[in-house]
Amino acid sequence: MKKLLYILMIVSLVQMPFVSCQDFLEKPPSQDITVDTIFSNALNAKKLLYTLYGSIPYKFPLDKDLTLHPKTPFMMMSSTTDEGEAGSSTSKTNTYNTGGINSNNVNSATDFKYGTFYKAIRYCWNLIENIDKVPDLTDDEKKMFKAEARMIVATNYYELMSRFGGVPYIDHVLTATEDWNYGRMPLNELFGKIDNLILDAIKDLPDTRIAEEQGRLTKSFGYFLRARLYLVVARPLFNADAPYMSMPNPSDNNLIFMGGYSRERYKEAADVCKEAITYLESQGFRLYLKSDTQTGKAQDAYLAASQLATHENPEMVYYRQVTKNVTNFRDWSMKYLGPRVLGSGSLQPTENFKMQYQMINGGPQTPENGYNSQEPYKDLDPRFYASFIYHGSYFGKNTFTQVFGENATTAKKYDPQKRNNWLAGCQTSDRCRTGYHLRKFLLEECYRANIAVNPITPYMRMAELYLMYAEALNEYNQGPNDECYKYLNKVRTRSDMPAAEDLDYDGMKKMIEYEWMIEFAFEGNRFFNLRQWKQGDVLRQPVYGIRADRDPADKTKIKYSTFLLEERVFDDRFYLYPFPQTDVDMNYGLVQNPGW
């Protein structure tokens, strides 16, 4: 119970009073910080520290913005890829799909608000610069607080870099009297700054935490974040002979690429990934396996890997748990993750994505591999059954039926006495636009009984680290070696898929991309992976749904057909976010990304 209460403190504390409502890069008023109050005792200092943790990305939607986190998470950005479609045709994420994203609406249409990152960074530097004033903290505690804050600064800069490229780098609390014209830092320099922040923090973070401190950062978080950082700058978006688009002033191109292609960046990434794997495995982290489940099923191991907290799940390196505005997981998930019964129905899988799953024998969905378009859900990769609710699948207490036109008026409003009634009716409204519902994050036991659960979302799990390592090895060696096969197949065979073997560079590249796509379905990774691999063509493809109809000749049989749901737009400028125009217009040296 103490552990749970501690985690809840991290994510639900009130906004601290020493920061004004202005964004971090606004010149602060001279009277907006009451340092003496905040750092007069350990309790207030701890409240500030726990508030900082709120800036680490939480992937699920929220009813409203939190202090350091917006309500639209990057998991919902899956609806701007081939993975999914927003449950509502008026969803703000559709601004991307229609090409309507711009510098004036970017804060409302994307997963994070630019100023929110800098608000978190400002909170962190306030703590780092003032924590020594707290009289009732030990020197070791003060050192620990500083390390945690530095790691959170690094995390925020990493997330900024992934979205914008080079950004202004602030390494202290801005004062009212100093020059605050901070322009964007070249990408290569920003990479080095983030790396140094991580290394400095790792030195003073512990290997493990006691039960009462679960949820606070450890060295493992730092090693993992560093592996992500090195792989991002090695991938084609940043690691190229020329930027994806030229800046209006070519001298600014160093803001959006590393200055030239170097294969050695993949070698560096592989080395950092291996160091992280070695360390994390020494701390007991590994994949969650079938043998860890009560059922012995591959799909249950896959589900547990992304649903269970660290103390129950050796794969979960770091997760977020937000309780604010979430009173009951069943009702909340019905609103945001399942169909549009209570409201948003935020993410619905597409037929495009369903067709990406391999057959259980490792081949594509073709007749030669046993695929039958009128039995479209037979013998697929087990991770499909853990991720999709489809016609004929069983969930909770009911079998899902989505025959077109039948039960069309059912479940207009959620009825707690008939909590599965949303499983009837499809394609008649925003409730089920694609013919599928998302299953992956829905806790089935909550639908069998009225169970209140505060959901967690994964931020780091070991499967990602293994795939990062395999990718870096294949790219550096221009083909797979034994290590590459070993770590790719750890992920692949966990789900009862056949081990990859006898592949050349291109074959392994496709296999690694497949595992990224399927293993991390709907977790938000694909939005960034496709951009970092410069695979905009995938994002330009039209999106399709699936329709089930009664066979006119035999009403007991179902006939399936696909239908065009949406034409999509992807311009090269979409590879990086635009900076909000309001920030550009503040004239502190912020140069807009190309095309915006």
Side-chain angles (χ1 to χ4, degrees), residues 74 77 80-81 96 99-104 106 109-112 114 117 156-169 182-195 228-269 272 468 471-472 475-476 478 509 513 516 525-540 568-581 583-585 588-596:
F74 63 77
M77 300 308 286
T80 70
T81 75
Y96 255 111
I101 187 77
N102 59 56
S103 59
N104 291 312
V106 61
T110 56
D111 58 324
F112 262 87
Y114 176 68
F117 290 108
N156 277 275
Y157 275 123
Y158 166 79
E159 297 291 345
L160 277 164
M161 186 187 77
S162 299
R163 291 161 174 79
F164 297 98
V167 296
Y169 182 78
Y182 283 84
R184 297 174 65 181
M185 178 174 281
L187 183 65
N188 191 39
E189 292 182 35
L190 180 63
F191 160 75
K193 293 287 189 181
I194 299 171
D195 193 32
R228 277 182 176 168
L229 176 69
Y230 272 75
L231 185 61
V232 167
V233 299
R235 283 175 162 178
L237 181 61
F238 292 151
N239 186 18
D241 289 328
Y244 65 97
M245 292 178 68
S246 181
M247 298 284 277
N249 183 346
S251 65
D252 291 328
N253 283 340
N254 62 0
L255 303 176
I256 58 173
F257 87 130
M258 294 291 283
Y261 173 78
S262 173
R263 204 171 83 185
E264 288 302 310
R265 291 195 182 98
Y266 281 112
K267 175 65 165 59
E268 293 169 357
V272 171
M468 287 194 287
E471 179 181 338
E475 293 296 331
Y476 177 69
Q478 291 295 286
K509 180 181 176 68
E513 290 175 359
W516 271 117
N525 300 61
R526 189 158 176 77
F527 177 88
F528 295 101
N529 285 346
L530 289 174
R531 284 162 171 74
Q532 292 164 8
W533 293 330
K534 290 180 69 174
Q535 294 184 8
D537 286 346
V538 176
L539 299 168
R540 296 185 183 100
R568 289 193 172 176
V569 176
F570 184 88
D571 298 330
D572 283 351
R573 62 192 173 125
F574 292 175
Y575 279 118
L576 290 179
Y577 286 17
F579 290 94
Q581 194 61 40
D583 285 84
V584 176
D585 292 343
Y588 57 78
L590 187 65
V591 179
Q592 184 61 275
N593 276 328
W596 301 105

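A pairwise comparison of heavy atoms in Asn593 and Phe164 identifies ND2-O, 3.2 Å as the closest pair. Between Met247 and Asn253, the shortest heavy-atom contact is N-OD1, 2.8 Å. Taking each heavy atom of Pro248 and Pro250 in turn, the nearest pair found is O-CD, 3.5 Å. The shortest heavy-atom contact between Leu576 and Ser162 is CD2-O, 4.1 Å. Residues Gln592 and Ser103 come closest through the heavy atom pair NE2-CB, 3.6 Å.
The side-chain contact (heavy atoms from CB on, under 4.5 Å) test applied to Arg573 returns Met245, Asp571, Trp596, not counting sequence neighbours.
Salt bridge annotation for Arg540-Asp572: present, with a cationic side-chain nitrogen under 4.0 angstrom from a carboxylate oxygen.
Residues Val569 and Tyr96 are not in side-chain contact: their nearest non-hydrogen atoms beyond the backbone lie 4.5 Å or more apart. By the 4.5 Å heavy-atom criterion applied to side chains, Arg531 and Phe570 are counted as neighbours. The shortest distance between side-chain heavy atoms of Val167 and Tyr157 falls below 4.5 Å. At least one side-chain heavy atom of Ile256 sits less than 4.5 Å from a side-chain heavy atom of Pro594. The closest side-chain heavy-atom distance from Glu513 to Lys509 is below 4.5 Å.
At least one test fails for Arg526 against the ring of Phe528: distance under 6.0 Å to the centre or angle within 45° of the axis.
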Which pairs of donor and acceptor atoms, one on a side chain in residues 185-193, lie under 3.5 Å apart (sequence neighbours left out)?
none

Let me have the donor-acceptor pairs involving side chains of residues 230-243, under 3.5 Å, with sequence neighbours excluded, atom names and distances please.
from, atom 1, to, atom 2, distance (Å)
Tyr230, OH, Asp195, OD2, 2.7
Tyr230, OH, Arg226, NH2, 3.3
Arg235, NE, Glu471, OE2, 2.9
Arg235, NH1, Asn529, OD1, 2.8
Arg235, NH1, Gln532, OE1, 2.7
Arg235, NH2, Glu471, OE1, 2.8
Asn239, OD1, Ser262, N, 2.9
Asn239, OD1, Arg265, NH1, 2.6
Asn239, ND2, Ala234, O, 2.9
Asn239, ND2, Ser262, O, 3.1
Asp241, OD1, Tyr261, N, 3.3

Requested in this report: Would you sort out whether Tyr182 and Tyr169 count as a ring pair (Phe, Tyr, Trp, His ring centres under 6.0 Å), showing the intermediate values?
Outcome: CA-CA 7 Å; Tyr182 283 84; Tyr169 182 78; 9.2 Å; no

Requested in this report: May I have the step-by-step check of side-chain contact (heavy atoms from CB on, under 4.5 Å) for Thr80 and Leu539, ending in yes or no?
Outcome: CA-CA 8 Å; Thr80 70; Leu539 299 168; 6.0 Å; no

Query raised in the report: Run the side-chain contact (heavy atoms from CB on, under 4.5 Å) check on Arg263 and Glu475 step by step: do they pass?
Result: CA-CA 8 Å; Arg263 204 171 83 185; Glu475 293 296 331; over 6 Å; no

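A centroid separation of less than 6.0 Å is found between the aromatic rings of Phe579 and Tyr114.
In terms of modelled atom types and a separation under 3.5 Å, the side chain of Arg184 and the main chain of Val591 share a donor-acceptor contact. Remark: the backbone N or O of Lys534 is paired with a side-chain donor or acceptor of Tyr575 at under 3.5 angstrom.
Asn156 CG to Met161 CE: the interatomic distance, rounded to the nearest 0.5 Å, is 13.0 Å.
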